[in-house]
Participant: 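Please read through the structure below; I'll follow up with questions.
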Amino acid sequence: MGAVQGTVSNAVNGSPLGRAKVTIRGTAQEALTDDNGRFFLPGAPAKAIELDVSYLGFVSQTARVTVLPGGQVGQDFQLSRERTDRRSA
């Protein structure tokens with residue numbers, strides 16, 4: 001087992017995204033970011049894993065990282081706002 005830590009921020013202005021959800025794909029392991037956009041996932045399986053991050057109103061992202069036994073890996077995410085189709089009547 002190892003751990004994953006990182007941050008989630010707004011890609012446009014760099015502001016932290018508090019309460020973004022970070023999940024290890026294929027497991028029930030997840031964490032919410034704090035008010036500074038930081039997350040920590042202890043007990044991550046020691047192997048290549050995929051992290052999914054989501055935040056309401058922003059495009060979700062996935063990243064692949066390799067966790068070493070007893071190690072800690074960092075992964076930061078910068079999310080972009082979802083596009084809205086604004087058509088005039």
Participant: Any salt bridge (Lys or Arg N to Asp or Glu O under 4.0 Å) involving residues 5-15? Give me the pairs, sequence neighbours left out, ordered by first then second residue.
Facilitator: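 Passing the test, one end in residues 5-15: no pairs.
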Participant: How far does CZ of F39 sit from CG of L32, to the nearest 0.5 angstrom?
Facilitator: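 Output value for this atom pair is 11.5 Å.
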Participant: Does the side chain of V4 come within less than 4.5 Å of I49's, by heavy atoms?
Facilitator: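 Heavy-atom side-chain distance check passes, below 4.5 Å.
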Participant: My understanding is that only residues two or more places apart in sequence, or in another chain, count here; which of them pass ring pair (Phe, Tyr, Trp, His ring centres under 6.0 Å) with Y55?
Facilitator: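 For Y55, the residues satisfying ring pair (Phe, Tyr, Trp, His ring centres under 6.0 Å) (neighbours in sequence not counted) are F58.
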Participant: Are any side-chain N or O atoms of T33 and backbone N or O atoms of A20, one a donor and one an acceptor, separated by less than 3.5 Å?
Facilitator: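 Yes, because the side chain of T33 sits within donor-acceptor range (under 3.5 Å) of the backbone of A20.
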Participant: What are the two closest heavy atoms between S80 and A11, and how far apart are they?
Facilitator: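 Heavy atoms only, the tightest pair is OG-CB, 3.7 Å.
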Participant: CD of E30 to CZ of R25: how many Å apart, nearest 0.5 Å?
Facilitator: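 One finds 14.0 Å between CD of E30 and CZ of R25.
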Participant: Who are the salt bridge (charged side-chain N to carboxylate O under 4.0 Å, His left out) partners of R19, not counting sequence neighbours?
Facilitator: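 Residues passing salt bridge (charged side-chain N to carboxylate O under 4.0 Å, His left out) with R19: none at all.
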Participant: Indicate yes or no for a side-chain donor-acceptor contact from Q29 to the backbone of G43 under 3.5 Å, with no hydrogens or angles considered.
Facilitator: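 Looks like yes, one N/O pair under 3.5 Å.
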Participant: What distance do Q5 atom CD and D76 atom CG have between them, rounded to the nearest 0.5 Å?
Facilitator: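 Reported to 0.5 Å precision, the distance equals 8.5 Å.
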Participant: Would a 4.5 Å heavy-atom cut-off, applied to side chains only, mark L51 and L41 as touching?
Facilitator: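 SC-SC contact between L51 and L41 confirmed.
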Participant: Among all residues two or more places apart in sequence or in another chain, which pass the side chain to side chain contact (heavy atoms under 4.5 Å, CB included) test with S60?
Facilitator: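 Result, side chain to side chain contact (heavy atoms under 4.5 Å, CB included) vs S60: S54.
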Participant: Is it true that a side-chain atom of E50 and a backbone atom of T23 form a donor plus acceptor pair closer than 3.5 Å?
Facilitator: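 The answer is no, because no donor-acceptor pair under 3.5 Å joins these two groups.
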Participant: Looking at V67 and A3, what are the two nearest heavy atoms and their distance?
Facilitator: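 It is CG1-N, 4.0 Å.
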Participant: Output all residues satisfying side chain to side chain contact (heavy atoms under 4.5 Å, CB included) with N13, sequence neighbours left out; order by chain, then residue number.
Facilitator: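 With neighbours one apart ignored, the set is N10, S15.
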Participant: Through direct or indirect side-chain contacts below 4.5 angstrom among Ile, Leu, Val, Met, Phe, Trp and Tyr, which residues connect to F40?
Facilitator: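 Besides F40, the hydrophobic cluster comprises nothing; the residue is isolated.
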